[in-house]
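Reading through the structure tokens given below for one structure.
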Amino acid sequence: MSGLDRVRLQLDRVRAAVGEIDPVFLDTPALPCAPLGRALGCSVTLKVETLNPVRSFKGRGTETVAALARNNGVARMVCASAGNLGQALAYSGARRGLRVTVVAARTANPLKLRQIAAFGADVRLDGEDIEDARLLAREIAQADGAYLVEDSLDLATCEGAATIGLEIARDDPGLDVVLVAVGGGALASGVGYAVRSLAEHVEVIGIQPAGAPAMALSWRQGTVVETDRIETIADGVAGRCPIPEVLDDLLVLLDDVVLVREDSIKAGMRALHEHAGLVVEPSAALGIAAVLEQPERFAGRQVTTILCGSNVDPADFARWVLEPATRDDG
């Protein structure tokens, strides 16, 4: 428990968040996958966060945020998103009669943008990446008096995500290590906090793409490191400017943050499709990519990885996963 009093999260609030979250997001499957484990050389459990209306874990956080906003008399919310947060906030806002504006970069995934609009949110496009979109979201909030939801900085997004950690700690007492994707840090800080609180023997490792390494570099140096560009297919975890408060939490909660290559991310997606029959977006394959790159580190251990989203364009999935598999079979 040492050091947990230094982070922003609180266990009583995490437990209270469970009651605010639509049950459709809760008690997600934790599937032992023996075929994948045999291929990787370790015991693998897949915590599947994709079988819900927004097909990602983000609904846990936005349900928590939207409940607080509604209780405080908020009528309108705004966020910047690469896609998954926007869908989730649109869903949670609609449940509570709140208007939602989502700002995304002009380069954002078209599938995710269509789904945000389908949930009833107003979609605004601006800039070349998520950091540009964040600037416009802040401007809209200031100009219109909307409630700004800043993923990972807004503590409710972290504590909502932490409910995943409650379930992992409850369901798998023999667990050795949790592999969690790191973008802005809500998932990693939430899961890390809950697991640290309830199963402190478990190693918690964050994973980032080498093409979007800002938080990993920051964690290693103990101070915020911003990067100039983003070069990864894992759009759900692609950022350039870590949030200092989130970094402070992750410095306490994570045992390590590792970087994985793009070809390993695609190989992870293929492995999940081949051995588990699952379609996931690149961000969800980061944990498998880490095992593929460092098999000796995880050999014989009991590993859980969180499949955080499945919002992937079918054409992209075919190009990254199906077509290479067909060539390999040939």
Side-chain angles (χ1 to χ4, degrees), residues 9-33 45-72 74 77 79 81 83-100 102 112 115-116 118-121 147 149 151-152 154-173 175 178 180-181 186-195 197-199 236 276 278-281 283-284 304-311:
L9 292 81
Q10 292 185 11
L11 194 59
D12 58 345
R13 290 200 304 255
V14 174
R15 288 177 166 142
V18 173
E20 300 290 356
I21 297 171
D22 187 335
V24 74
F25 296 108
L26 297 171
D27 291 308
T28 52
L31 303 175
C33 186
T45 295
L46 305 174
K47 183 65 169 167
V48 184
E49 294 292 312
T50 63
L51 304 176
N52 60 59
V54 302
R55 300 195 298 203
S56 85
F57 81 95
K58 294 286 189 184
R60 295 186 188 238
T62 59
E63 286 287 279
T64 309
V65 167
L68 288 171
R70 183 67 173 168
N71 291 340
N72 289 325
V74 169
M77 300 183 293
C79 75
S81 174
N84 286 349
L85 176 72
Q87 291 180 67
L89 191 64
Y91 176 91
S92 297
R95 283 190 72 218
R96 294 167 176 83
L98 304 173
R99 291 179 293 131
V100 173
V102 177
K112 294 182 179 181
Q115 291 174 178
I116 292 169
F119 283 117
Y147 180 84
V149 178
D151 199 21
S152 306
D154 195 318
L155 191 53
T157 63
C158 304
E159 292 180 335
T163 61
I164 299 170
L166 295 183
E167 295 168 14
I168 289 172
R170 177 195 68 195
D171 295 339
D172 194 353
L175 182 63
V178 176
V180 55
L187 180 62
S189 63
V191 170
Y193 177 76
V195 171
S197 299
L198 302 172
L278 295 173
V279 173
V280 300
E281 63 186 81
S283 302
T304 286
T305 187
I306 300 162
L307 305 187
C308 53
S310 63
N311 289 298

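Contact detail for Gly160 and Thr64: the closest heavy-atom pair is CA-OG1, 3.5 Å. Residues Arg60 and Thr163 share a closest heavy-atom pair of NH1-OG1, 2.9 Å. Of all heavy-atom pairs between Ala66 and Leu98, the closest is O-CD1, 4.0 Å. Considering every non-hydrogen atom in both Gly59 and Ser92, the closest pair reads O-OG, 4.3 Å. Closest approach of Gly86 to Ile116, counting heavy atoms only: C-CG1, 3.8 Å. Residue Ala90 comes nearest to Ala121 through the heavy atom pair CB-CB, 3.7 Å, listed as atom of the first residue, atom of the second, then distance.
Within the 4.5 Å cutoff, the side chain of Val191 has no heavy atoms near those of the Lys47 side chain. Within the 4.5 Å cutoff, side-chain heavy atoms of Thr305 are placed close to those of Leu46. The side-chain heavy atoms of Cys33 and Leu31, taken from C-beta on, include no pair separated by under 4.5 Å. Side chains of Thr62 and Met77 form no contact here, defined as non-hydrogen atoms less than 4.5 Å apart. In this structure, Leu198 and Leu11 have side chains that are in contact, with non-hydrogen atoms separated by less than 4.5 Å. Using a 4.5 Å cut-off on side-chain heavy atoms (C-beta onward), Asn84 and Phe57 make no contact.
Annotation: the span from Leu187 atom CG to Lys58 atom NZ amounts to 7.5 Å, rounded to 0.5 Å. Thr304 OG1 to Leu175 CG: the interatomic distance, rounded to the nearest 0.5 Å, is 4.5 Å. Atoms OG1 and CG, on Thr50 and Leu307 in that order, are 6.5 Å from each other to the nearest 0.5 Å. A distance of 4.5 Å separates SG of Cys79 from CG of Leu89, quoted to the nearest 0.5 Å. The distance from atom CG of Asp151 to atom OG1 of Thr157, rounded to the nearest 0.5 Å, is 4.5 Å. Between the OG atom in Ser197 and the CG atom in Leu166 there is a gap of 8.5 Å [rounded to 0.5 Å].
At distances below 3.5 Å, not a single donor-acceptor pair connects side-chain atoms of Asp27 with backbone N or O atoms of Glu167. In this structure, Asn71 contributes its side chain and Ala67 its backbone to a donor-acceptor pair below 3.5 Å.
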Worked verdict on Tyr91 versus Val24 for side-chain contact (heavy atoms from CB on, under 4.5 Å): CA-CA 12 Å; Tyr91 176 91; Val24 74; 4.0 Å; yes
Step-by-step side-chain contact (heavy atoms from CB on, under 4.5 Å) determination, Thr28 to Asn52: CA-CA 9 Å; Thr28 52; Asn52 60 59; 5.6 Å; no
Pair Leu68-Tyr147, side-chain contact (heavy atoms from CB on, under 4.5 Å): steps then yes or no: CA-CA 11 Å; Leu68 288 171; Tyr147 180 84; over 6 Å; no
Pair Arg96-Glu63, side-chain contact (heavy atoms from CB on, under 4.5 Å): steps then yes or no: CA-CA 10 Å; Arg96 294 167 176 83; Glu63 286 287 279; 2.9 Å; yes
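A side-chain hydrogen bond (donor to acceptor under 3.5 Å, both in side chains) with Arg55 is found for exactly one of Gln115, Gln87, Glu49, namely Gln115.
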